Amino acid sequence: MHHYSIHITWSEDDQSFIAAVPELVGCTATGSTHEEALAAIHPAIDAWIESARAARHPIPEPEGGAHTIKKGRGGRRQERIEKRRRKREESRHQRRESD
């Protein structure tokens, strides 16, 4: 388990959640949900550290010491919007099938 902070934000451009580790420059992962982005960042952290070790680059220490997950601006709101959108789509699909 890593102790790096993870910031998750919604990207309008990509229409996905982006998880980033501020201490590890360029270490990011995406997912269609907050949970997918969070699950994808852990292998990305492992790969980042492995690559840094192979290149004999220094590996930054975690800033906070404790594992923290921050939802970026609008992250929770966007999750609610996505959940409502999915419900509407399911309703439409069910109505189409019943017609």
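All figures in this text were calculated on a predicted structure; none of them were measured in a lab.
In this structure, Ala37 and Ala29 approach most closely via the heavy-atom pair O-CB, 4.2 Å. Glu23 and Glu61 get closest at one heavy-atom pair: CG-O, 3.9 Å. Nearest heavy atom pair, residue Ser5 against residue Pro22, reads O-CD, 3.4 Å. Shortest non-hydrogen contact noted between Phe17 and His34 is CD1-N, 3.5 Å. Nearest heavy atoms, Ala19 versus Ile6: CB-CG2, 4.1 Å.
For the pair Trp48 (side chain) and Ile59 (backbone), a donor-acceptor distance under 3.5 Å is absent.
Atom-to-atom distance recorded for Ile45:CD1 and His3:NE2 is 11.0 Å, nearest 0.5 angstrom. The line from OH of Tyr4 to CG of Leu24 is 5.0 Å long, rounded to the nearest 0.5 Å. One distance of note links CD1 of Ile8 with CD of Glu35; it measures 8.0 Å at 0.5 Å rounding.
Placement of Ile18 and Leu38 in two distinct hydrophobic clusters is found when ILVMFWY residues are connected by side-chain heavy-atom separations under 4.5 Å, directly or transitively.
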